[in-house]
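So the structure is just underneath, and the comments pick up after that.
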Amino acid sequence: MRGQVGGQSRLYGLLGRPVSHSLSPVMHEAAFLAQGMNYRYQAFQVEPEALPMAVTGLKALGVAGVNVTIPHKEAILPLLDEVTENARLVGAVNTIVHRNGRLIGYNTDGWGFLCALEEAGVRPTGARAVVLGAGGAARAIASHLILAGAAHVAVLNRTLDKAERLVAELTASLRAAKGPSYHLPPFVAGRLASEALIRGADLVVNCTALGMGELAGESPLADSGWLRPGAVVYDTVYRPAETRLLQEAKAAGNQAIGGLGMLVHQGACAWEYWFGRRGPTSIMWAAAKAALAE
C-alpha cells in the first residue's frame, strides 16, 4: 500500500504536463517498498509558465530528487545550479538531484533507450536511424544513436526549423565534447513526411506525442507502407502499450517495440545519481506492466 509522506520520509517526484498518465510513481514506489526505503514519489503537474516557481519550490520543500518529462526537459536547464556534461551535450535534463542546497541536472533518456534496445535484441551499430520529433527525448536518443555507432541519423519533425536547430546544436555539442577529429556520421534534418528517409531506415524511433493521451489513435507516419521490410520500429510512448504506429508496424511484419522498456531503464539509471546504484529493474518492470494492464 502506498504510504503518506512523513517526517522521516524523503520525497522524490516528477515534473511535467501532463503527468496523470505517468507510470513513474507506481514504478519507483514499488522499488522503494521492495528495498525497504522510506521514500515517496509524487507526480507534479507544472504549467510551463510556473516552471521557475516549481524549481524554486524543490529547494524550499527539500525534495531530494525529481524526474523531468514533457514539456520541461529543455526549458529547465537554465533554472538549475549545475548541468552535467552529458545533459549539456544532449541539451535536455530528465533527472535532478538536490545535493547540499544545489539542483544538479542529468540525462538518462539516451542511456535508458539503449538499454531497452539491447534488451529487445537490437543493436544500433551501423544502422540507418530515423528519429521522429525534435524535443528533449529526441535530442537524447539522436545523440546516443550517434555515440553508439549508427551509420546515419535523421531527425524528422513537423516543423523543419526545429529539426534543423536540433541537428545543428547536437553537432556542435558532439564536436566540442569529442574534439575536432571526431568522426560524425551523416546527421540530417527533415520533415515528418520525408518518405525517402523513412523508406531507407533500419530503425525508426517515435519521440513525438502522437499516439498518446488526446492524440491516441494518431501516428507520426503519413503512410506505414513507407517502412522498409525488416526495419525496427520503436515508440517512446508507453501508454497505450501498443500505439497505432506499433500496430501498423507489427501488421507489416516489422519488429515493433513499445516505450515501457525505456521508461523502466531511464528510471533505473536515475537511481545511479540519486542513490549510487542502479534501480531494481525487475521490480520496476513488474509494477509498470501491472499498472499498464489496469
Side-chain touch Ile198/Leu156, heavy atoms, less than 4.5 angstrom: yes
Pro71 to Arg17 - nearest heavy-atom pair and separation: CD-O, 3.4 Å
Test side-chain contact (heavy atoms from CB on, under 4.5 Å) applied to Ala87 - qualifying residues, sequence neighbours left out: Val83, Thr84, Val93, Asn107
N/O donor-acceptor pair under 3.5 Å between Thr95 side chain and Ala270 backbone: no
Minimum side-chain heavy-atom gap Val232-Asp202 below 4.5 Å: no
Spacing of CG belonging to Leu145 relative to CG belonging to Leu114, to within rounding of 0.5 Å: 6.5 Å
Taking every non-hydrogen atom, the tightest pair across Gly211 and Thr243: O-CG2, 4.0 Å
Close side-chain approach of Leu23 to Leu263, heavy-atom, < 4.5 Å: yes
Exercise: identify the closest heavy-atom pair between Gly136 and Val90: O-CG1, 4.5 Å
Residue list, ring pair (Phe, Tyr, Trp, His ring centres under 6.0 Å) with Tyr12, at least two apart or on another chain: Phe32, Tyr39, Trp274, Phe275
Stepwise side-chain contact (heavy atoms from CB on, under 4.5 Å) test for Arg139 and Lys73: CA-CA 10 Å; Arg139 284 176 171 270; Lys73 292 182 181 185; over 6 Å; no
Under 3.5 Å donor-acceptor, Thr125 side chain and Ala148 backbone: yes
